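To start, the structure under review is shown below, and the notes come after it.
The model shown is predicted, which means the values in this text are computed figures rather than measured ones.
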Amino acid sequence: MSEEAGRSRVLVVGATGRLGGSLVHASIAAGHPTFALVRPHHFALPDSAPLKSLAAAGAMLLKGSLEDYPSLLEAVRQVDVVICAVPTKHALEQKPLIRAIKESACVKRFIPAEFGVDHTKIQICDMDHGFYEKKAEIRRLIESEDIPHTYVYCNFLMRYLLPSLVQPGLDAPPRDEVMIFGGGNTKGIFVEESDVAKFTVCTIEDPRTINKSLFLRPPGNVYSLNELVGLWETKINKHLKKIHITEEQLLKNIHDAPFPLKMDLIFIYSAFVKGDHTHFEIDSRTEGTQLYPSVKYTTVSEYLDTLV
């Protein structure tokens with residue numbers, strides 16, 4: 001029997017997205033037979049970049065979708081582990097997937113499209129426009145159905161806000177002046193997408209993470225705005241003019257801002273003023289770099305080097 005034959009078989013839902021694609025590649029790299037659920041319209045363009053990338057990596061492509069329950073059930077019945085990476089706006093579409101997992105009775109672990117911030121720890125429930133309630137509803141359903149699971153919380157992906165040094169409206173880090181929100185000392189967390197995928201895949205056969213949450217707080221990736229700006233100033237050898245935005249002013253900006261800028265400001269307020277990434281202690285037995293010290297990951301400093 002080959003080594004792969006003895007490994008858990010993994011289905012990734014949302015595989016054509018950026019995080020989903022990273023999960024497929026990480027699963028295959030770890031030796032798992034890996035299936036990707038792909039919407040039928042993608043097969044009409046077999047030369048599309050996402051499809052070619054998945055096939056070239058060695059993924060087994062299954063035609064189906066969350067809206068097509070028979071195809072969903074057929075896909076789930078072929079695997080031991082299901083990982084979902086749909087965007088939060090589609091979080092409730094995981095309901096038929098949960099139904100299929102329950103009906104199949106063969107899935108040993110479900111890793112839902114949580115990622116992001118642990119919604120049980122956030123302090124902005126009254127101003128998130130229902131963003132986290134979708135995830136909360138899915139979590140309640142998973143637990144009420146007694147589905148074995150692991151929740152993965154990475155906080156911010158590096159491609160979100162970090163490319164602008166947390167400056168809403170910019171596509172690159174500032175070179176002259178920079179906004180500091182609140183006192184500038186509250187810390188947020190950034191993790192690169194492929195690293196989130198590697199840590200997630202590590203949990204697949206780990207009994208320590210069954211029915212638990214995995215938090216990612218990699219040393220070198222937890223920064224306050226003051227620290228982030230200081231690091232950037234060192235890299236470009238230049239001091240930036242600091243524009244301090246008080247909590248009161250930020251709340252006014254949130255109130256006045258249109259979408260999607262409003263949500264960017266809300267997430268900045270959540271992470272770097274309220275401290276929703278780091279205001280709570282976590283057990284070292286639930287932190288990814290402590291559980292899987294061999295996993296190499298990109299630090300914030302290394303990421304910023306690519307932007308200099």
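With sequence neighbours excluded, no residue forms a side-chain hydrogen bond (donor to acceptor under 3.5 Å, both in side chains) with Ser213. Listed by chain and residue number, Asp206 satisfy the side-chain hydrogen bond (donor to acceptor under 3.5 Å, both in side chains) test with Arg208 (two or more places apart in sequence, or in another chain). For Tyr151, the side-chain hydrogen bond (donor to acceptor under 3.5 Å, both in side chains) partners are Glu143, not counting sequence neighbours.
Across all non-hydrogen atoms, the minimal contact from Ser27 to Val201 is N-CG2, 3.7 Å. For the pair Val191 and Cys154, the tightest heavy-atom approach, listed with the atom from each and the gap, is CG2-O, 3.6 Å. The minimum heavy-atom distance between Asn221 and Val300, with the atom names listed, is OD1-N, 3.5 Å. Between Ile210 and Pro148, the closest heavy-atom pair is CD1-CB, 3.8 Å. The two atoms that bring Asp195 and Thr298 nearest to each other are OD2-N, 2.8 Å, heavy atoms only. For Leu307 against Leu162, the heavy-atom pair with the smallest separation is CD1-O, 4.4 Å.
Gln249 contributes no side-chain N or O that, together with a main-chain N or O of Thr246, makes up a donor-acceptor pair within less than 3.5 Å. No donor-acceptor distance shorter than 3.5 angstrom exists from the side chain of Lys212 to the backbone of Thr150, with no hydrogens or angles considered. A donor-acceptor pair under 3.5 Å links the side-chain atoms of Lys238 to the main chain of Arg175, judged by distance alone. Lys187 contributes no side-chain N or O that, together with a main-chain N or O of Tyr223, makes up a donor-acceptor pair within less than 3.5 Å. Here the side chain of Gln167 pairs no donor or acceptor atom with the backbone of Val178 at under 3.5 angstrom. Side-chain atoms of Glu193 never come within 3.5 Å of backbone atoms of Ser22 as a donor-acceptor pair (strictly under, hydrogens ignored). Looking only at distances, a side-chain donor or acceptor of Arg109 sits under 3.5 Å from a matching main-chain atom of Thr203.
For CG of Asp171, the number of neighbouring non-hydrogen atoms (other residues, nucleotides, ligands) closer than 6.0 Å is 12 at most. Annotation: Lys252, atom NZ; neighbour count of heavy atoms from other residues, nucleotides and ligands within 6.0 Å does not exceed 12. More than 12 heavy atoms of other residues, nucleotides or ligands shown are found within 6.0 angstrom of CG on Asp283.
Two rings, from Phe190 and Tyr303, have their centers 6.0 Å or more apart.
Using bins of under 30°, 30° to 60° and over 60° for the plane-to-plane angle, the ring pair Phe272/Phe156 lands in the tilted bin. Taking the six-membered ring where the residue is Trp, Tyr292 and Phe199 present tilted rings, their angle falling between 30° and 60°.
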Worked verdict on Arg18 versus Leu157 for side chain to side chain contact (heavy atoms under 4.5 Å, CB included): CA-CA 11 Å; Arg18 282 183 283 188; Leu157 296 174; over 6 Å; no
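Listed by first then second residue, pairs satisfying salt bridge (charged side-chain N to carboxylate O under 4.0 Å, His left out) with a partner in residues 119-133 read Asp118-Lys121, Glu133-Arg140, not counting sequence neighbours.
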Show me the side-chain donor-acceptor pairs of residues 42-65 shorter than 3.5 Å, one per line, residues at least two apart or across chains.
{"from": "Ser48", "atom 1": "OG", "to": "Leu45", "atom 2": "O", "distance (Å)": "3.1"}
{"from": "Ser53", "atom 1": "OG", "to": "His25", "atom 2": "NE2", "distance (Å)": "3.4"}
{"from": "Ser65", "atom 1": "OG", "to": "Glu67", "atom 2": "N", "distance (Å)": "3.3"}
{"from": "Ser65", "atom 1": "OG", "to": "Glu67", "atom 2": "OE1", "distance (Å)": "3.2"}
{"from": "Ser65", "atom 1": "OG", "to": "Asp68", "atom 2": "N", "distance (Å)": "3.3"}

Please list, one pair per line, the donor and acceptor atoms closer than 3.5 Å that link side chains of residues 75-92 to other protein atoms, with sequence neighbours excluded.
{"from": "Gln78", "atom 1": "NE2", "to": "Glu74", "atom 2": "O", "distance (Å)": "3.3"}
{"from": "Asp80", "atom 1": "OD2", "to": "Arg9", "atom 2": "N", "distance (Å)": "2.7"}
{"from": "His90", "atom 1": "ND1", "to": "Glu93", "atom 2": "OE2", "distance (Å)": "3.0"}

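Side-chain contact, Tyr297 with Glu192: no donor N or O sits under 3.5 Å from an acceptor N or O. A donor and an acceptor atom, one from each side chain of Glu205 and Ser8, are located under 3.5 Å apart.
Remark: Lys135 is not positioned above the aromatic ring of Tyr132, lacking an NZ or CZ atom under 6.0 angstrom from the ring centre and at most 45 degrees off the axis.
Leu231 is connected to Leu161 through a chain of hydrophobic side-chain contacts under 4.5 Å among Ile, Leu, Val, Met, Phe, Trp and Tyr, so both are in one cluster.
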